[in-house]
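Report on the following structure.
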Protein chains: 2
Amino acid sequence: MGRNAPGLTDRDYRRLAEFRFLLRRFLAFSEAAATAAGLTPRQHQALLAIKGMPEGVAPTIGHLAERLAIRPHSAVELADRLEQAGLVRRTHDPADRRRVVLTLTPDAQARLAALSAEHLGELRRLSPSLLAILEHADTK
Amino acid sequence: MGRNAPGLTDRDYRRLAEFRFLLRRFLAFSEAAATAAGLTPRQHQALLAIKGMPEGVAPTIGHLAERLAIRPHSAVELADRLEQAGLVRRTHDPADRRRVVLTLTPDAQARLAALSAEHLGELRRLSPSLLAILEHADTK
DNA sequence: CGCCGATATATCGTGCCACGACATTTCCCC
DNA sequence: GGGGAAATGTCGTGGCACGATATATCGGCG
């Protein structure tokens with residue numbers, strides 16, 4: 001039947017797959033919403049990361065890279081596209097001129113606000129299923 | 001201070017951003033693990049989706065597309081790459097010859113088993129933080 | 001106070017992957 | 001048994017991340 005090598009059961013695989021499916025549903029919703037708002041999915045994620053940076057953390061290129069879990073030089077390229085799209089402005093940190101701080105334009109603020117409201121709604125809709133799966137994660 | 005248009009507070013933005021950050025951490029872990037196992041991230045996700053298909057659902061190209069939330073013709077291309085990499089075999093469904101059923105090769109089985117064990121561990125590690133954020137999602 | 005390693009950002013070529021538009025095969029049903 | 005629908009397949013295009021490499025700025029130490 002199963003043909004499963006280590007201790008993994010078919011239910012383990014299904015649970016992992018189901019978790020990924022829920023993630024993909026959320027991400028697909030997010031991608032569609034961003035596209036409808038005239039942003040690429042990554043641009044939307046970047047705007048949110050900049051606006052939602054933890055307290056006391058400056059929205060620099062490097063910190064953006066950390067929050068998106070990409071390499072710093074990929075964040076540079078993302079910042080290029082954001083700036084070119086008129087969503088972000090670069091300013092050099094006067095205290096450390098190697099650092100580049102990113103600020104949202106009013107246009108970006110507005111689009112992010114609308115998108116964030118939608119996302120909070122979708123999250124409320126999906127969290128029950130996500131919670132159900134995650135709570136099983138610890139138990140055998 | 002805030003300059004937030006609709007009812008969104010800075011804490012809302014931070015919560016959304018933090019959620020995305022946790023997702024990215026999990027996904028980055030997954031991408032690294034897949035790459036280390038000699039798979040692309042998408043190939044790994046596909047293998048899991050095929051192996052973890054819900055009971056009674058055949059692992060066809062179309063169903064793979066559904067579970068990964070991509071277009072059917074993108075799943076075709078993914079199946080091409082999987083087949084070429086020796087991870088998957090195509091067989092026509094005798095009951096409906098339009099359908100193509102995907103089956104994992106032994107090599108794919110083995111790699112997926114190892115990866116899935118790692119992922120279950122990582123999920124156990126991350127679920128507390130995810131649960132913490134999701135449980136706040138309903139409350140104002 | 002001038003040099004050097006470390007840090008932050010930037011540039012370029014490459015590959016994965018998803019998409020839209022379109023084509024082909026097989027099914028289903030009237 | 002013919003025509004529309006469904007499942008899969010093909011091709012060109014664009015976004016995005018990466019490794020390798022380059023440049024600017026900082027900080028400390030002799």
Side-chain angles (χ1 to χ4, degrees), chain A residues 20 24-25 27-32 34-47 49-50 57-85 87-102, chain B residues 20 24-25 27-32 34-47 49-50 57-85 87-102:
Chain A
R20 292 302 271 245
R24 280 299 303 143
R25 284 205 10 196
L27 294 174
F29 160 85
S30 180
E31 290 160 15
T35 303
L39 305 176
T40 70
R42 256 317 195 227
Q43 285 174 347
H44 166 227
Q45 292 169 45
L47 297 185
I50 292 169
V57 179
T60 63
I61 302 255
H63 289 141
L64 178 61
E66 275 180 35
R67 300 291 287 180
L68 295 183
I70 59 181
R71 298 304 168 104
H73 72 275
S74 300
V76 169
E77 301 173 320
L78 182 50
D80 289 344
R81 282 174 255 130
L82 287 167
E83 195 175 26
Q84 186 160 18
L87 296 165
V88 140
R89 269 191 284 269
R90 275 175 159 98
T91 38
H92 286 272
D93 182 347
D96 182 345
R97 300 191 47 75
R98 293 172 301 178
R99 293 210 171 105
V100 171
V101 177
L102 302 172
Chain B
R20 293 301 273 243
R24 280 300 302 143
R25 284 206 9 197
L27 294 173
F29 160 85
S30 179
E31 290 159 14
T35 302
L39 305 176
T40 70
R42 258 314 195 231
Q43 285 175 346
H44 165 227
Q45 292 168 47
L47 297 185
I50 292 168
V57 180
T60 63
I61 301 256
H63 289 141
L64 178 62
E66 276 179 34
R67 300 290 287 180
L68 296 182
I70 59 180
R71 297 303 167 106
H73 72 274
S74 300
V76 169
E77 300 174 319
L78 182 50
D80 289 344
R81 281 174 255 130
L82 287 168
E83 196 175 25
Q84 187 159 18
L87 297 165
V88 141
R89 269 192 283 268
R90 275 175 159 97
T91 37
H92 287 272
D93 183 346
D96 182 345
R97 300 191 47 76
R98 291 172 302 179
R99 291 208 173 105
V100 170
V101 178
L102 302 172

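Residue numbers begin at 1 in each chain, while the letters A, B, ... track the order of the sequences. Since the model is a prediction, treat every value here as computed from it, not as a measurement.
A distance-only check finds no donor-acceptor pair linking the side chain of B/Thr60 to the backbone of B/Val101 [under 3.5 Å].
If you take CG of B/Asp80 and C1' of D/dC11, they are 12 Å apart, rounded to a whole angstrom. Atom CD in B/Gln45 sits about 11 Å away from atom C1' in C/dC17, given to the nearest Å. In this structure, CD of A/Glu66 is placed 10 Å from P of C/dT9, rounded to the nearest angstrom. Regarding A/Ile61, its CD1 atom lies at a distance of 17 Å from the P atom of D/dA24, rounded to whole Å. Rounded to whole angstrom, the span from the CZ atom of B/Arg99 across to the P atom of D/dA5 amounts to 18 Å. Between B/His44 atom NE2 and C/dC16 atom P there is a gap of 18 Å when expressed in whole angstrom units.
Across all their heavy atoms, A/Pro72 and A/Ala65 have their closest contact at CA-CB, 3.7 Å.
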Any protein N or O atoms within reach of nucleotides 15-21 of chain D? Criterion: under 3.5 Å, listing atom names and distances.
residue	atom	partner	partner atom	Å
D/dC16	OP1	A/Thr40	OG1	2.4
D/dC16	OP2	A/Arg81	NH1	2.7
D/dC16	O5'	A/Arg81	NH1	3.1
D/dA17	OP1	A/Arg42	NE	2.1
D/dA17	OP1	A/Arg42	NH2	3.1
D/dC18	OP2	A/Arg71	N	2.8
D/dC18	OP2	A/Ser74	OG	2.8
D/dC18	N4	A/Glu77	OE1	3.1
D/dC18	N4	A/Glu77	OE2	2.8
D/dG19	OP2	A/Arg71	NH1	3.4
D/dG19	N7	A/His73	NE2	2.8
D/dG19	O6	A/His73	NE2	3.1

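With contacts defined as side-chain heavy-atom distances shorter than 4.5 Å, the pair A/Val100/A/Thr91 does not qualify.
Looking at A/Arg20 and B/Ser30, their side chains do bring a donor and an acceptor atom within 3.5 Å of each other.
Annotation: side chain to side chain donor-acceptor pair (under 3.5 Å) contacts of B/Asp93 (sequence neighbours excluded): none.
Salt bridge status for B/Glu83 with B/Arg89: absent, with no side-chain N to carboxylate O gap under 4.0 Å.
A heavy atom closer than 4.0 Å to some atom of DNA chain D occurs in B/Arg90, B/Arg98, these being the qualifying members of residues 87-98 of chain B.
Shown are A/Leu78, A/Val76, A/Leu82; of these, the side chain to side chain contact (heavy atoms under 4.5 Å, CB included) with A/Asp80 is made only by A/Val76. Partner of B/Glu31 under the side chain to side chain donor-acceptor pair (under 3.5 Å) criterion, chosen from B/Arg24, B/Arg42, B/His44: B/Arg24.
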